[in-house]
Amino acid sequence: METAFSDRPRIVIWEVTQACALACVHCRADARTWRDPRELTTEEGLRFMDSLVPAGKPLLILTGGDPMERPDLAYLVGHGIGRGLTVALSPSATPKVTPERLADLKAAGLHRVALSLDGPDAATHDAFRRVPGAYDRTMAIAADLARLGLPLQIGTTITRHSAPRLEEIGGIVERLGAVLWSVFFLVPLGRAALDSMVSPAECEDLLHRLYDISRRVRFGIKTTEAPMYRRVVAQRGGQGVPRFAGINDAKGFAFVSHTGDVFPSGFLPRSAGNVREHDLADLYRESPLFRDLRDPGKLKGRCGACEFRESCGGSRARAYAMTGDPLAAEPLCVYEPASQPAPAV
């Protein structure tokens, strides 16, 4: 079935390495301190970025692990910018994020930097990141970005520990002058434990609290692996519908691992192929896995019957992690579909 996102991805995340000095309790990648010798090389990375140009130049986000572990990072960014791509970066808050390296990345044309903030104070954030001083380092990096004029995005992982302090974290996001708050609802994968995940009722409450926050702050709010937020926004009056409404795992989105495997998202570990052997756009358009995940008619259970299945569709990654079926109903959603379809948002 052809959908609005059948032609090409709008967002591509490239995990340039799994090396990282942190040991975060939720880590999808189960990152380690050393670089994998199977990583895409510099030349392979350049060819991969070149392939994104005829694919419509999607937003390219470099992540990890910690991308700062790659000494060729500024070169990669500069190459992508030179090819007309918009390139953003999601580093870990480690000593490798120096003012000098940030200045080099800005000179290369970097568009935005995303930092993680998982608690409103050092005690809660550092416990989550398992590294003393991580909170203070995050604040220092944010200050460096402000001095350089590089836009800041904040990412927060929602767990049972961070959920009660959502408004406090949002207050710090505003104080830091972030342009976007990306709120990630945990998927039990890698080091992320199932008992850290909020309940469906708690998730629904958090989505409404996010909407309340969105009405009084200057920055944008988006959710990751919680597309149900789009339904909540529509139900609450439709103000501030997130940009790229409808994007979901494999739907306008693709994730490329450090070894070149292409996944529907970083949290759904089923590969459609590898960019060393295939063009990303071809895998995105033609892979049976990606095509099935883009087809709302193939969703099962309440997601398949839901009038918001095109704008939301539920987290396919969480469905896979918790049921083994990426087309199953979203485990965190409490919404009961209406008897009559409503217009998609």
Side-chain angles (χ1 to χ4, degrees), residues 13-29 31 33 35 59-78 80-81 86-157 162 165 168-184 217-222 224:
I13 293 186
W14 175 20
E15 174 192 68
V16 296
T17 185
Q18 282 195 338
C20 183
L22 303 184
C24 306
V25 296
H26 74 302
C27 184
R28 162 202 59 78
T33 56
R35 290 179 60 192
L59 169 64
L60 177 62
I61 302 171
L62 306 182
T63 187
D66 181 12
M68 287 291 191
E69 294 284 344
R70 285 195 64 138
D72 60 353
L73 184 61
Y75 182 62
L76 292 172
V77 170
I81 297 299
T86 299
V87 184
L89 180 70
S90 180
S92 300
T94 73
K96 289 184 180 289
V97 189
T98 64
E100 293 76 19
R101 288 199 74 184
L102 290 173
D104 288 343
L105 289 163
K106 181 185 179 183
L110 187 68
H111 172 67
R112 180 183 296 181
V113 174
L115 298 177
S116 294
L117 181 66
D118 298 296
D121 52 40
T124 51
H125 179 83
D126 290 4
F128 190 82
R129 295 285 154 180
R130 292 181 173 174
V131 173
Y135 177 88
D136 290 340
R137 190 169 295 118
T138 298
M139 295 300 111
I141 295 169
D144 290 336
L145 293 172
R147 283 190 290 270
L148 287 167
L150 268 170
L152 169 66
Q153 175 176 322
I154 293 292
T156 296
T157 300
S162 60
R165 309 192 71 177
E168 293 175 79
I169 298 171
I172 296 183
V173 174
E174 185 166 35
R175 179 170 63 80
L176 291 176
V179 296
L180 183 67
W181 189 18
S182 178
V183 184
F184 166 65
V217 297
R218 295 185 298 272
F219 54 84
I221 295 177
K222 68 175 286 289
T224 300

Is it true that a side-chain atom of R165 and a backbone atom of G119 form a donor plus acceptor pair closer than 3.5 Å?
-> no
With side-chain contact (heavy atoms from CB on, under 4.5 Å) as the test, would you mind laying out the steps for Y135 and L117 before giving the verdict?
-> CA-CA 8 Å; Y135 177 88; L117 181 66; 3.8 Å; yes
What are the two closest non-hydrogen atoms of V16 and R70, and how far apart are they?
-> O-NH1, 3.1 Å
Kindly indicate, with the supporting measurements, whether the criterion side-chain contact (heavy atoms from CB on, under 4.5 Å) is fulfilled by H111 and T86.
-> CA-CA 6 Å; H111 172 67; T86 299; 3.5 Å; yes
Is it the case that more than 12 heavy atoms not belonging to Y75 sit under 6.0 Å from its OH atom?
-> no
Once you round to the nearest 0.5 Å, how far does CZ of F219 lie from OG of S182?
-> 12.0 Å
Considering all heavy atoms of both residues, which atom of R35 and which atom of A19 are nearest to each other, and what is their separation?
-> CG-CB, 3.7 Å
Atom pair CD/OG of E168 and S162 - distance to nearest 0.5 Å = 11.5 Å
Output, in order, the C-alpha distance, side-chain angles, deciding distance and verdict of side-chain contact (heavy atoms from CB on, under 4.5 Å) for F128 and T157.
-> CA-CA 10 Å; F128 190 82; T157 300; 3.9 Å; yes
Shortest non-hydrogen contact between S92 and G65, atoms and distance | OG-O, 3.7 Å
Look up atom CG in L152 and atom CD1 in I154, then write down how far apart they are to the nearest 0.5 Å.
-> 4.0 Å
Give the minimum heavy-atom separation between P67 and G64, together with the two atoms involved.
-> CD-N, 3.8 Å
Atom pair CH2 (W181) and CD (Q153), whose distance is rounded to the nearest 0.5 Å = 12.5 Å
With L89, which of L62, I61, T63 fulfils side-chain contact (heavy atoms from CB on, under 4.5 Å)?
-> L62
Taking atom types as modelled, find out whether T224 and K222 have a side-chain donor-acceptor pair closer than 3.5 angstrom.
-> yes
Test item: R112 and L180 side chains (from C-beta on) under 4.5 Å apart, heavy atoms = yes
Quick one: which of L105, L145, D144 gives a side-chain contact (heavy atoms from CB on, under 4.5 Å) with V113?
-> L145
Least distance between heavy atoms, H125 atom then D118 atom = ND1-N, 3.0 Å
Could you give me the CA-CA distance, side-chain angles and deciding distance for M139 and R175, then say whether side-chain contact (heavy atoms from CB on, under 4.5 Å) is met?
-> CA-CA 11 Å; M139 295 300 111; R175 179 170 63 80; 4.2 Å; yes
Do you know the tightest heavy-atom contact between I141 and A93?
-> CD1-CA, 3.8 Å
Is any side-chain heavy atom of L102 closer than 4.5 Å to a side-chain heavy atom of T98?
-> no
Separation between CD (E174) and CD1 (I169), nearest 0.5 Å, reads 14.5 Å
For the pair D126 (side chain) and A134 (backbone), establish whether a donor and an acceptor sit closer than 3.5 Å, ignoring hydrogens and angles.
-> yes
In Å and rounded to the nearest 0.5 Å, what is the CE to OG distance from M68 to S90?
-> 10.5 Å
